[in-house]
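Here the structure is a predicted model, which is why all the values come from computation and not from measurement. Order of appearance sets the numbers: ligands from 1, and atoms from 1 within every ligand.
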Amino acid sequence: MWKTVGHDKAVHALSQALTDNRMSHAFLITGSSRVGKMSLAMDMARALNCVGDVPPCGVCGQCRRVTDDLHPDVRVIGLEMDSDTGRLRTVISIEQVRDVQRDVSLKPYEGRHRVVIFDGVEKLREEAANSLLKTLEEPPDQVVIILLASNAGDVLPTILSRCRRIDLRPIGAEIIADHLYRLYTTDRQLAEEVARLSGGRMGWAIQATQEPEMLQAISDRLDTVEQTVSSNLEGRFEYAEQLARRFTQGRAEVLEELDLWLGWWRDVMVISEGKPELVWNVSRSAALKSTAEALRTSQAAATVKAVQRAIDLLQRNVNPRLVIEELMLELPNVVITQA
Ligand SMILES: [Zn+2]
C-alpha cells in the first residue's frame, strides 16, 4: 500500500507507470516544505523493489528494509554536517554527487533498482549540478533518481528538462484532519485545528500533533501578534526593533512569525467577507471577530497585502528594521476584545 496521503493523482500515475513497466529514470518532485515529497519518494523506492503482489506491499523484506533505512540500494542525499564547524552545510557537495555516480554504476546489491533521492536539489552548486546532469543524461539501467525541490524555479533548466515532473499541491484540510484523527490523535478538535494551520502540509501537521510545544510556540506568537495589533505606535516600534534584531540572527524564524501574521490577517479578512468557516486560527476566533467588526473588508485586505509585501522584501534582503517599521505603520488601529 502507498503510504502517501492526499496526493492521489501522483500516486495513481506512478502505480500505472509501474504496472505498465514504463517508469522514468529521473523524477523531480516539487511542492512546499513538508507537503509529502519525501513520503512519495520513499513509496517509489519501496514500489521499485517490492517483491509482493501489489507493490509497494509494505510488508515484504524489501519494503521493510526501505522503510527502516536499511536497504543497501536506496540512498538519500541531502545536506551533510561539516565536520570542522559542526554545522549543517548549506550546499550539496560535488563529492556527494561523485559518490552517487560510483554507486549507480554498480548493479543493485539486493533489490531490483538502485534508487537515489536528492533531498533539496536546489542546494546543488553549479559544479555538482553539472556532474549530476551527466548521470541524468545517460542513466544506467536499474537506476532511478528522484530529485526533491520546494520550487521548480530554483532548479537548473537543464536538470528540469531531463526529469519527469511531479508537482505536489497542498492537501485539503479535511483529508489531513481525518488522517490525523485516524492515526495520531483522539482529539477531533485538535486534528481539525492543526489541519487548518498546516497550510496543506501533512508532514508539518503530523509533527504539530505529536509535539504540543510546537503548537504552544505558535500560540505564544499569536498572543504577540494580537498584543502588537492592539498596542500604540511605541509598542509596535519596540516589536519591530526586536524582530529586526532576531532577523539578523535567524531569518527563517522571523519569516515563520510573519507567516503567522499573514494567516491571522487572512482570517480577519475571511470573517469580514462573511466566511468564518474558512478561518485557520480557530482558537483565535474571538479576537479575529472583534478585529473584523472594527474594520472594513478593504482595510483587512490591505493589511494582508502589507504583510505579504514585508515578507517579500525581507526575502530580497531589504533592511529588516525599515521593512518591519513600515509594516507597523500600515497596521490599522484596533482594540481587540477577547470575549
Ligand atoms: Zn513489498
Self-check item: CG-CG distance between D154 and L124, expressed to the nearest 0.5 angstrom
Solution: 12.0 Å
Quiz item: Yes or no on salt bridge (charged side-chain N to carboxylate O under 4.0 Å, His left out) for E241 and R245, after CA distance, side-chain angles and deciding distance?
Solution: CA-CA 6 Å; E241 191 197 335; R245 206 174 37 238; 3.7 Å; yes
Exercise. Find out whether the Lys NZ or Arg CZ of R284 is both under 6.0 angstrom from the six-membered ring centre of W264 and within 45° of the ring's axis.
Key: no
Quiz item: Could you give the distance from CE (M42) to NE2 (H71), rounded to the nearest 0.5 Å?
Solution: 10.5 Å
Self-check item: Lys NZ or Arg CZ of R188 over Y181 ring: under 6.0 Å, within 45°
Solution: yes
Exercise. Return the set of protein N, O or S atoms whose distance to the Zn ion (ligand 1) is under 2.8 Å, each given as residue and atom.
Key: C50 SG, C57 SG, C60 SG, C63 SG
Quiz item: What pairs with S33 under side-chain contact (heavy atoms from CB on, under 4.5 Å), at least two apart in sequence or on another chain?
Solution: R201
